[in-house]
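For reference, the structure is listed below as structure tokens.
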Amino acid sequence: MACDKKWLPLESNPDVMNKFLQSVGVPEDFTMIDVVDLDDEHLENLPKKVKAVLFLFPTGDQQDEHSQSEQEQIDAEGQVVSDRVYFMKLDANNTSGTVSLIHAVANSADEMELAPDSTLKEFLDRTADMSPEERGQELEMDENLCCVHEEVAKEGQTEAPEPDEETKLHFITFVAVDEQLYELDPRKKYPINHGSTSVDTLLKDAVAVCKKFMERDPENVNFSIMALVAGANADTEEEEVEE
């Protein structure tokens with residue numbers, strides 16, 4: 001299949017995300033689900049085996065100013081980042097959905113058996129020892145992943161915009177590595193360590209960070225959260241997150 005390397009945005013929709021995951025070799029028992037109610041009681045009732053959390057948020061001055069301040073603080077004070085974190089840098093338009101899914105799987109790969117010779121396993125094996133920048137370059141040039149992205153992006157419930165159209169919505173991923181919560185944003189210089197977490201509290205801890213994004217832009221409602229879970233049924237209805 002030919003791919004023109006112009007990336008369409010992925011819809012924040014578990015059906016779309018799951019089709020992408022299964023198309024690139026992720027086992028069917030690892031699925032994306034919506035996280036709609038952010039109350040602690042509701043979070044406790046969701047599947048326990050959360051492997052990663054994806055967060056979609058509107059970009060803007062508030063978020064950019066915070067990112068700049070955060071980077072300056074880390075540059076001055078430093079942070080601890082595990083060598084086991086798989087991180088990719090890529091700021092190409094409309095790629096953040098696919099990058100976030102790759103981040104979610106790559107940092108859970110020890111717990112899932114990707115299909116042999118699958119598109120994603122081949123990519124992760126090939127880029128394992130590369131720098132974050134090199135991984136981003138490899139993704140931009142990867143014909144197979146680009147084509148899967150293009151195919152599933154056209155199947156969302158909303159009409160896909162033109163590839164060159166800026167959506168002003170951005171995906172990031174939260175993962176637990178060595179009992180630390182990492183924010184993986186392909187536009188940033190490095191992973192952001194948000195402190196201690198565990199396999200049991202990953203969802204709750206990630207949601208706490210997501211709420212801070214929402215507080216910085218309180219008039220905006222275009223936020224959504226999804227979780228990559230093991231052994232859960234992903235037949236959930238797409239809804240927007242509401243505080």
Side-chain angles (χ1 to χ4, degrees), residues 1 3-10 16-17 20-27 30 32 51-57 59 67 70-71 74-75 78-153 163 167 169-178 180-194 206 226 228:
M1 182 189 300
C3 176
D4 61 9
K5 300 291 180 64
K6 291 185 177 180
W7 301 79
L8 295 167
L10 288 185
V16 171
M17 299 294 192
F20 177 91
L21 293 175
Q22 293 170 18
S23 296
V24 297
V26 174
F30 287 85
M32 301 297 303
K51 303 304 179 185
V53 175
L54 268 65
F55 180 48
L56 179 70
F57 66 94
T59 58
S67 293
E70 179 182 62
Q71 179 180 310
I74 292 174
D75 286 345
Q79 66 169 348
V80 175
V81 176
S82 170
D83 291 339
R84 296 180 61 241
V85 176
Y86 182 99
F87 177 62
M88 181 189 312
K89 280 184 59 62
L90 179 60
D91 198 16
N93 199 28
N94 297 330
T95 57
S96 68
T98 288
V99 173
S100 287
L101 288 170
I102 293 174
H103 277 155
V105 173
N107 289 284
S108 307
D110 291 345
E111 303 175 44
M112 66 175 71
E113 186 175 349
L114 296 175
D117 302 321
S118 63
T119 301
L120 188 51
K121 186 177 188 306
E122 189 279 330
F123 178 82
L124 293 179
D125 289 346
R126 174 161 44 91
T127 61
D129 296 325
M130 291 184 179
S131 70
E133 292 80 8
E134 290 170 335
R135 290 167 178 165
Q137 293 168 4
E138 285 293 311
L139 178 60
E140 282 197 282
M141 296 185 294
D142 194 294
E143 191 83 16
N144 293 326
L145 285 172
C146 176
C147 288
V148 174
H149 171 108
E150 182 177 19
E151 179 182 351
V152 300
T167 62
L169 293 171
H170 183 65
F171 282 99
I172 59 176
T173 310
F174 294 92
V175 297
V177 178
D178 294 339
Q180 297 292 300
L181 176 67
Y182 290 99
E183 171 194 332
L184 306 179
D185 183 340
R187 302 180 308 169
K188 295 185 176 181
K189 291 173 60 176
Y190 27 59
I192 307 298
N193 187 333
H194 286 285
M226 291 182 291
L228 175 64

Once salt bridge (Lys or Arg N to Asp or Glu O under 4.0 Å) is applied, do any residues pair with D91, and if so which ones, sequence neighbours excluded? none

For a quick check under 3.5 Å, do D185 and H170 share a side-chain donor-acceptor pair by atom type? yes

Does the side chain of D178 come under 3.5 Å of the side chain of S82 through a donor N or O and an acceptor N or O?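 Side chains of D178 and S82: pair found under 3.5 Å.
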
Closest approach of [X] and [Y], non-hydrogen atoms and distance?
X: M32; Y: M17; result: CG-CB, 3.6 Å
X: R126; Y: M130; result: O-CE, 3.6 Å
X: A52; Y: A104; result: CB-CB, 3.5 Å
X: D142; Y: N144; result: OD1-N, 3.1 Å
X: K89; Y: K188; result: NZ-O, 2.9 Å
X: Y190; Y: Q79; result: CD1-NE2, 3.7 Å

Contact check, side chains of [X] and [Y], non-hydrogen atoms, under 4.5 Å:
X: L124; Y: L114; value: yes
X: Y86; Y: I102; value: yes
X: L120; Y: L101; value: no
X: V105; Y: M112; value: yes

Could you walk me through whether D75 and K189 pass side-chain contact (heavy atoms from CB on, under 4.5 Å), step by step? CA-CA 10 Å; D75 286 345; K189 291 173 60 176; 3.5 Å; yes

Main chain of [Y], side chain of [X]: is a donor-acceptor contact present, judged purely on distance under 3.5 Å?
X: E134; Y: S131; answer: yes
X: S96; Y: F171; answer: yes
X: R84; Y: N107; answer: no

Do T98 and L145 pass the side-chain contact (heavy atoms from CB on, under 4.5 Å) test, and can you show the C-alpha distance, the side-chain angles, and the key distance before you say yes or no? CA-CA 9 Å; T98 288; L145 285 172; 5.5 Å; no

Apply side-chain contact (heavy atoms from CB on, under 4.5 Å) to A92 and list each qualifying residue two or more places apart in sequence or on a separate chain.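 L90, T95, E140.
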
Please work out whether the ring planes of F55 and F174 are parallel, tilted or perpendicular, with thresholds of 30° and 60°. tilted

Trace of the side-chain contact (heavy atoms from CB on, under 4.5 Å) decision for T127 with L139: CA-CA 9 Å; T127 61; L139 178 60; over 6 Å; no

How long is the gap from CD1 on I172 to OG on S100, to the nearest 0.5 Å?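 If I round to the nearest 0.5 Å, the distance is 7.5 Å.
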
Point-to-point distance, once rounded to the nearest 0.5 Å, from CD of E183 to NE2 of H194: 4.0 Å

Would you call D117 and K121 a salt bridge, taking side-chain N to carboxylate O under 4.0 Å as the test?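 Salt bridge: no.
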
Just checking H149 against F20, ring centres under 6.0 Å apart?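 Centroid distance H149-F20: not below 6.0 Å, so no.
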
